[in-house]
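Take a look at the structure below.
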Amino acid sequence: MKKYLFFLFLLPFAVQSKTAHHRSDELAEKIQKIAKTAQGRVGMMATVIETGQSISLDPSGHFPMQSVYKFPIAMAVLQQVDQGKLSLGQKIQVDKNDFVGPRQHSPIRDTNPQGVELTLAELLRFMASESDGTACDVLLKTLGGPANVTQYLRSLSINGIRVATTEKEMGTSETVQYRNWASPESMVNLLTVFHQGQKLSASSTDLLRRILTETPTGPRRLKGLLPAGTEVAHKTGSSRTFDGFTRATNDVGIITLPSGQHLALAVFVADSKASDADRENVIAQVAKAVWNEWSGQAAK
């Protein structure tokens, strides 16, 4: 069985007391115990952006993103908007041949079976908030293909995320999804770059943050056990379950702590034999554990 490695980082040159070391060990043990219930591979990383405090489990592992990859795609779209190459108000035709497969999620396809013309802003919201596969593929086509998103990530010095296929391609085979992978560490680094507004304009950052905060997906994942009203800007990713085996159950995002600081958190559950409820609970329990560690108050 693969061994998991935990890494806990504190600010450089900080003096750690025995109590701090003890709490660090307790948090690592707690996350390891939670991960075992997944009956599969679990990778996670959590970082308090303002202080650098961090903990991780298999931070360099490669995990299938599924719809989590719509977050970096959205960033790539908005970078093109910032550069004037695209416009939020421009109209884009969505044809029937753009639709993802019938078993894939697409409100655009379901409500417009003959096709529809939408603005770039509408497609962005459908993709990032509703996790619409058709919107994702149309935006990937607008960007010139998946490889251009990976190239954009490399320009941000994000090397542990790969966008390689469309949603429609992922629908052709269960194994295709492994081509779109991320490491927990690189995903947290991307969340941090996004939050700090380093590469997108303030208006683009605010727009995407609002979309990710308002998304209705994944209420039982990162948000599931946090106090009511906690602000969580996040993107989920999910595969189907075949013969009791689920290849991807994910959630990544930025949680606002009571102090006003921000926690970047990525949790990937891969190749799992656990139930839907148990997989989602793994993500919720990890989020609760790191919240309890760095919020200054226990989650109820």
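All figures in this text were calculated on a predicted structure; none of them were measured in a lab.
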| query | Any donor and acceptor pair, going by atom type alone, linking the side chain of Q104 with main-chain N or O of E167 inside 3.5 Å? | reply | yes

message = Under a 3.5 Å distance rule, please check whether E50 uses its side chain to pair with a backbone N or O of H262 as donor and acceptor.
response = yes

* To do: Please answer whether the main-chain N or O of I158 pairs with a side-chain N or O of R154 as donor and acceptor at a distance below 3.5 Å.
  => yes

Measuring only between side-chain heavy atoms, which start at C-beta, is V68 closer than 4.5 Å to F63? no

**Report entry** Same apolar cluster (I L V M F W Y, side chains within < 4.5 Å links), I49/V193
**Finding:** no

- Message: Tell me whether the rings of H62 and W181 are parallel (<30°), tilted (30 to 60°) or perpendicular (>60°).
- Response: parallel

Q) Between the side chain of N281 and the main-chain N/O of A277, is any donor-acceptor distance below 3.5 Å? A) no

- Is there side-chain contact between L120 and I92, with heavy atoms separated by less than 4.5 Å? yes

Might you work through the side-chain contact (heavy atoms from CB on, under 4.5 Å) test for R125 and L207, ending with a clear yes or no?
-> CA-CA 9 Å; R125 185 172 296 278; L207 172 62; 4.3 Å; yes

NE2 of H195 to CD of Q198, rounded to nearest 0.5 Å, is 10.0 Å

Within a strict 4.5 Å, meaning less than it, do heavy atoms of the V188 and T192 side chains meet? yes

* Any donor-acceptor pair under 3.5 Å linking the side chain of S239 with the backbone of A248? -> yes

(message) Are the side chains of L124 and L78 in contact, using a 4.5 Å heavy-atom criterion?
(response) yes

- Task: Would you please test R221 and T236 for side-chain hydrogen bond (donor to acceptor under 3.5 Å, both in side chains) and show each step?
- Result: CA-CA 8 Å; R221 297 187 189 181; T236 58; 4.8 Å; no

Test Q32 against L57 for side-chain contact (heavy atoms from CB on, under 4.5 Å), laying out the working first.
CA-CA 8 Å; Q32 187 174 32; L57 168 63; 6.0 Å; no

More than 12 heavy atoms of other groups within 6.0 Å of E174 CD:
yes

| query | Taking it one step at a time, do D251 and V267 satisfy side-chain contact (heavy atoms from CB on, under 4.5 Å)? | reply | CA-CA 6 Å; D251 204 358; V267 187; 5.7 Å; no

d(L263 CG, T256 OG1) to nearest 0.5 Å is 9.5 Å

Shortest non-hydrogen pair, K168 vs V100, comes out as N-CG1, 4.1 Å

Exercise. Just do the side-chain contact (heavy atoms from CB on, under 4.5 Å) check on T142 and V77 with the steps written out, would you?
Key: CA-CA 9 Å; T142 302; V77 169; over 6 Å; no

- prompt: Got a donor-acceptor contact below 3.5 angstrom from the T205 side chain to the A202 backbone?
  reply: no

Measuring only between side-chain heavy atoms, which start at C-beta, is E293 closer than 4.5 Å to E26? no

Output for pair (L226 CG, L257 CG), nearest 0.5 Å, gives 9.5 Å

dist N97:CG -> D137:CG (nearest 0.5 Å) comes out at 11.0 Å

Hydrophobic clustering (ILVMFWY, side-chain heavy atoms < 4.5 Å, transitive) - are L88 and I73 grouped together? yes

On a heavy-atom basis, the closest approach of A164 and R179 is CB-O, 3.7 Å

_Whether R247 engages the ring of Y178 as a cation-pi pair (distance to the six-membered ring centre under 6.0 angstrom, angle to the ring normal within 45°) should be assessed._
no

Exercise for the section: Check step by step if side-chain hydrogen bond (donor to acceptor under 3.5 Å, both in side chains) holds for D82 and S201. Expected result: CA-CA 7 Å; D82 289 344; S201 68; 2.8 Å; yes

If you count heavy atoms of other groups shown closer than 6.0 angstrom to CZ of R220, is the number above 12?
no

W294 and T51, any side-chain heavy atoms less than 4.5 Å apart:
no

> Hey, is the main chain of S129 close enough, under 3.5 Å, to the side chain of T215 for a donor-acceptor pair?
Replying inline: yes

Between the CG atom in L118 and the CG atom in D132, the distance rounded to the nearest 0.5 Å is 9.0 Å

When rounded to the nearest 0.5 Å, the distance separating CE of M75 from CG of L200 is 4.5 Å

Residues V176 and E169: closest non-hydrogen pair is CG1-O, 3.6 Å

Heavy-atom nearest pair, Q93 first then G115, reads NE2-C, 4.4 Å

(request) Look at the side chain of K235 and the backbone N and O of Y69, then say whether any donor-acceptor pair between them is shorter than 3.5 Å. (result) no

| field | Sidechain-backbone polar pair: N180 side chain, V163 backbone, donor-acceptor under 3.5 Å | value | no

Donor-acceptor contact below 3.5 Å, side chain S106 vs main chain R109: yes

* Report yes if some heavy atom in the side chain of I34 is under 4.5 Å from a heavy atom in the side chain of V286; otherwise report no. => yes

Closest heavy-atom pair, L191 versus A264, reported as atoms and distance to 0.1 Å, is CB-CB, 4.1 Å

Smallest heavy-atom separation, I283 atom then T249 atom, equals CD1-O, 3.6 Å

**Request:** Verify whether one side chain among S131 and S67 offers a donor that lies under 3.5 Å from an acceptor in the other.
**Result:** yes

4.5 Å side-chain heavy-atom contact, P216 and E130:
yes

